[in-house]
Each structure stands twice: as structure tokens, then as C-alpha cells.
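These notes concern the structure reproduced below.
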There are 2 protein chains.
Amino acid sequence: MAFIQKVKSAHVSLGAGIDIVAPEQDSDEMYTLFSGWAFRYKELADGRRQILNFLLPGDLVGLQASMFNAAQHGIATLTEVQLCVLPRRKVWTIFETMPDLAFDITWLGAREESIVDQNLLTVGRMNARERVAALIIGLYKRCNALGLAKDGMFPFPLNQHHISDALGLSLAHTNKTLAYLRRIGMFTLEGGMMDLANPRALQRMGQVFDAEFQARPLI
Amino acid sequence: MAFIQKVKSAHVSLGAGIDIVAPEQDSDEMYTLFSGWAFRYKELADGRRQILNFLLPGDLVGLQASMFNAAQHGIATLTEVQLCVLPRRKVWTIFETMPDLAFDITWLGAREESIVDQNLLTVGRMNARERVAALIIGLYKRCNALGLAKDGMFPFPLNQHHISDALGLSLAHTNKTLAYLRRIGMFTLEGGMMDLANPRALQRMGQVFDAEFQARPLI
DNA sequence: CGCCTGTTTGAGAAGGCTCAACGGACGTGG
DNA sequence: CCACGTCCGTTGAGCCTTCTCAAACAGGCG
């Protein structure tokens with residue numbers, strides 16, 4: 001967030017369920033997410049969709065797009081969103097004149113990759129219950145770090161379609177798995193607020209380790 | 001590779017099947033892969049392993065590790081390997097004094113993430129045959145770009161264990177899927193060399209798009 | 001020769017998928 | 001005010017892809 005404050009320029013507001021960057025699009029801007037939720041995704045030709053990771057306030061939007069000629073993925077909003085715009089050519093200016101900010105950009109990129117890594121482990125090697133647990137607890141921890149959670153409660157703007165596409169499961173099976181976790185009392189969800197009765201138990205089920213992403217001292 | 005040449009300092013050689021960075025390890029160095037193959041991976045407590053991506057010559061090794069206090073993943077060699085060492089504190093020096101190289105580091109990080117993105121799509125949304133095809137064709141294309149492939153032939157140092165751990169499949173099913181692809185004449189494999197009879201057909205099966213990773217002009 | 005690593009194959013089980021239908025909440029238009 | 005469409009969540013039946021478990025085989029090496 002400190003990073004955002006420094007580079008802040010124009011704000012842009014967008015509604016929920018909108019594509020910020022379409023797949024294959026040649027976007028000319030990089031953004032930073034100031035408020036709201038978004039997600040990155042990829043699609044196959046026949047429509048199968050995989051959500052790569054969710055973006056929360058403070059995350060960089062479109063770093064890849066600003067490095068390559070065409071984005072390899074799409075980005076869409078989950079809620080209303082406020083973006084801080086960063087014109088692409090300014091990225092290079094940052095590298096030239098503000099090495100500490102350039103370092104922050106790289107750091108944010110590395111952190112995002114680390115999240116995608118974790119998602120790949122989840123999707124590749126966990127069963128349905130573990131996957132759902134890992135997703136919920138992962139988002140909970142990120143909300144917690146941002147001060148958006150309070151004793152087990154946090155905003156949860158995903159629908160079951162998003163969950164299944166993030167976890168590589170079918171919609172029907174996602175629903176049944178959620179029903180199971182709800183039945184054994186792991187959570188309740190209403191009005192877009194998730195309420196975790198026992199985060200520790202959910203964390204065990206999701207096999208999530210504590211990754212803190214502490215910045216290293218630079219020297 | 002141009003990047004490597006500029007930062008080249010000490011060379012290190014390692015044998016095959018060795019951990020460069022163990023999970024959770026606090027590594028003090030970043031490397032760049034000069035020759036040979038390696039891979040990044042994550043493990044669950046009970047031993048299930050997911051390979052995140054494969055590293056070929058020119059790839060950065062341990063960028064995440066150099067940004068965070070503890071690596072969130074392990075890195076191991078697949079073949080004999082030559083590394084160029086880059087002490088961690090020198091990373092900061094690069095950002096301070098060589099913005100173009102700093103940009104290259106960020107670019108390489110973004111490209112690696114883009115590969116992990118693709119792997120997540122593959123593992124999350126493709127069936128076994130598509131996954132194997134996507135893996136083989138993906139490695140083929142990377143070898144091609146490095147000049148390591150010649151009319152459908154390229155080095156393939158993975159065993160079936162690596163393939164199954166990269167694709168989120170069981171060893172047995174990986175074997176049967178490979179047998180199927182071999183039976184219908186998609187490839188032959190002997191002595192660590194993969195020979196693709198019909199790369200186009202394999203590419204269709206793997207639903208792999210052409211991602212070229214062209215660097216954007218900086219301004 | 002025996003052992004180890006890596007590959008192959010089969011039988012049976014099961015987790016997850018597909019297809020189909022239904023219900024509730026909400027918004028829109030007549 | 002009601003009829004209708006749409007979005008989202010729910011549920012059931014049956015199938016099938018993939019997994020687990022087990023055993024056997026091939027090659028390399030001490």
C-alpha cells in the first residue's frame with residue numbers, strides 16, 4: 001500500500017463483473033488495485049476457464065501485460081473496484097529513477113507468482129475438500145493481513161462458479177463439497193460475508209502453511 | 001542469455017538430482033541457469049509433490065528466494081547443471097545502478113510466472129492426454145527457442161515421476177497415458193531424447209497457444 | 001548375482017464428472 | 001400486480017476418468 005501512495009496518479013472506478021484486461025489484449029497500462037476484488041484467469045478454446053489468482057487491494061494488476069506484447073491472461077473484477085493507473089512508459093521511468101520502487105514492483109510480482117505456485121500445488125495435489133478449505137483459508141489470511149477480517153469474518157464476493165474455476169472442479173462437485181464443509185460446521189456464508197467457526201481446523205484441512213512474505217532487508 | 005553474460009561471475013557445477021534450494025531454506029544467493037535442466041517444486045506434509053515449472057538455460061533460479069525471508073518452494077536439478085552465482089546483496093546493487101538489468105530481472109520473473117499460469121490452466125482444466133501433450137509440446141517449444149531442438153528431436157531428461165508430479169497425475173496413469181500417445185505415434189523416447197513425429201498434432205491435442213514472450217519496447 | 005531405480009500392466013475402487021431437473025431471489029415489462 | 005426470464009444455488013442418478021494397490025519386468029551397477 002505504501003507503494004501505491006507514492007505512485008498514485010489517476011483513479012479509475014469500475015463495476016463488478018467487468019473485464020479489465022481481455023485475454024490476448026495489448027494493454028497499454030498497468031494498474032494497482034486500490035480497493036475491491038479482481039482475479040486473473042485463462043481460458044481454453046472450448047470455454048473451460050481457470051482462475052489463476054485473486055487480486056486484493058495493494059496488488060499489482062497487469063505486470064505481465066506491461067512486460068509482454070500481449071497479455072497471456074484476462075483480468076476481471078469481482079466487486080466494484082478502484083484502480084490507480086500507471087501508464088506503461090512510466091514503468092521504465094520508475095526503473096531508471098526510482099530503484100526502490102522498481103524493487104517493489106519486482107517484489108510484488110514475485111509475491112503474486114508465489115501465490116500462483118501455491119494454487120498449482122492445491123489444484124494439482126489436493127482432493128476437493130482440501131482444495132476448498134485451502135482456498136477459503138488462503139483468502140482469509142490475506143484479508144487478515146489487510147485488516148479486512150475480524151474474528152473469523154471476512155468479505156467473500158466469489159460465487160460457486162468462481163470457486164470451481166479457481167480449484168479445477170466442476171460446479172456440481174464444488175457445491176456438494178461446500179455443502180459438506182458447511183454441514184460439519186466449518187463456515188457459514190451469507191450476504192457475501194464468510195464466517196469461519198474454526199479457522200485452525202480449516203487450515204489443517206487445507207494443509208496451508210504460514211507463508212508470511214516478509215520483505216528481506218535489502219542489504 | 002545476454003543478461004547472463006553481463007552479470008556473469010563465479011560458475012558453479014552441480015550433478016543431476018540435487019536440491020539447489022531446499023523448501024523453507026533461507027538461501028543467500030540468486031542464480032542464473034547457464035546450462036542443464038532444473039525444476040521448482042512444492043510439497044505437502046504427507047509427501048505429495050507438485051512440480052511448478054521446469055528451468056532451462058537462461059532462466060533465473062531463486063528470484064523468489066531472494067525476495068522473501070524463506071523460499072516457498074524447493075529447486076532441484078534434473079541434469080548436470082552450471083550456475084552463475086549472484087550474491088543477494090548484489091541484486092540491490094543492480095537495481096540501484098543498472099536499471100536495464102533490473103528490468104531484465106523483472107521481465108524474467110514475469111515470464112516464469114506466465115509459465116506457471118499456463119501450468120495451472122493445464123493441471124486445473126485439462127484431462128490426462130491433453131496434459132501430457134501440453135507438457136511435451138511446451139518443453140519442445142522452449143527448447144526450440146533456445147536452439148536445442150532439431151526437426152522434432154530434443155533432449156528430455158524427465159522420468160515418469162517428474163511428469164506425473166508436474167501434471168498432477170498418478171504415476172500409473174501417467175504411464176498409461178504416455179503409452180497411449182506412443183501407440184498412436186505421437187512420439188518416441190529413447191536415451192533421453194524425445195522425437196516428435198507430428199508436433200502440430202500434439203500441439204492441437206495440448207491446446208497450446210503460441211505465446212512468444214516478446215519483450216515490449218521500453219518506451 | 002542381487003539390488004536398485006524406473007517402467008509396465010492389471011484389477012478393482014472411488015472421487016469427481018455429466019446431465020438433468022428444481023427452487024428461490026430478483027428485476028423487468030406488460 | 002402478475003408473468004416471465006435470469007442468475008445462482010441445490011440435489012440426484014449414473015457413468016467414467018483416474019486412483020490405489022499389487023506385481024512383474026528391464027537395465028545398470030557394485
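Just so it is clear, the structure is predicted and the values come from calculations on it, not from any experiment. Side chains are part of it too, since the values below use all heavy atoms of this structure and drop only hydrogens, waters and symmetry mates. Just so we're on the same page: letters track the sequence lines, and every chain starts at 1.
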Closest to the B:N175 side chain, choosing from C:dT8, D:dT10, D:dT11: C:dT8

Could you tell me whether A:G17 contacts a base, only the sugar-phosphate backbone, or nothing, with contacts defined as non-hydrogen atoms closer than 4.0 Å? nothing

Distance in angstrom units between B:K176 NZ and D:dC16 P, rounded: 18 Å

After noting the C-alpha distance and the side-chain angles of A:F154 and A:I136, does the key distance pass the side chain to side chain contact (heavy atoms under 4.5 Å, CB included) rule? CA-CA 10 Å; A:F154 65 105; A:I136 295 174; 4.2 Å; yes

How many whole angstroms separate atom CZ of B:R183 from atom P of C:dT8? 12 Å

Whole angstrom is fine here: how far is it from CG in A:L158 over to C1' in D:dC7? 16 Å

Side chain to side chain contact (heavy atoms under 4.5 Å, CB included) test vs A:E112 passes for just one of A:L63, A:L52, A:L55, namely A:L55

Between A:E190 (CD) and C:dG24 (P), how many Å, whole number? 18 Å

Euclidean distance, atom NE2 of residue B:H162 to atom P of C:dT5 [Å, nearest integer]: 13 Å

In this structure, how many angstroms lie between the P atom of D:dC8 and the CG atom of A:L78, rounded? 11 Å

Will you find, in the side chains of B:Y41 and B:E43, an N or O donor that is under 3.5 Å from an N or O acceptor? no

By nearest heavy atom, map A:N159 and B:L169 onto DNA chain D; which one lands nearer the 5' end? A:N159

Rounded to the Å, how far apart are B:H173 NE2 and C:dT7 C1'? 16 Å

DNA chain C: 5'-proximal contact among B:L171 and A:N127 (nearest heavy atom): B:L171

Among the nucleotides C:dG10, D:dA13, D:dT10, which one has an atom lying closest to any side-chain atom of A:Q160? D:dT10

Which whole-number value in Å describes the distance from B:L178 CG to C:dT9 P? 12 Å

May I ask you to say what B:A128 touches in the nucleic acid, namely base, sugar-phosphate or nothing, with a heavy-atom cut-off under 4.0 Å? sugar-phosphate

Test log, rule salt bridge (Lys or Arg N to Asp or Glu O under 4.0 Å), inputs B:D59 and B:R40: CA-CA 12 Å; B:D59 287 341; B:R40 301 194 310 124; over 6 Å; no

Is it the case that B:E130 and B:Q207 place a side-chain donor and acceptor less than 3.5 Å from each other? yes

Give one of base, sugar-phosphate or nothing for A:R182, where a contact means two heavy atoms less than 4.0 Å apart. sugar-phosphate

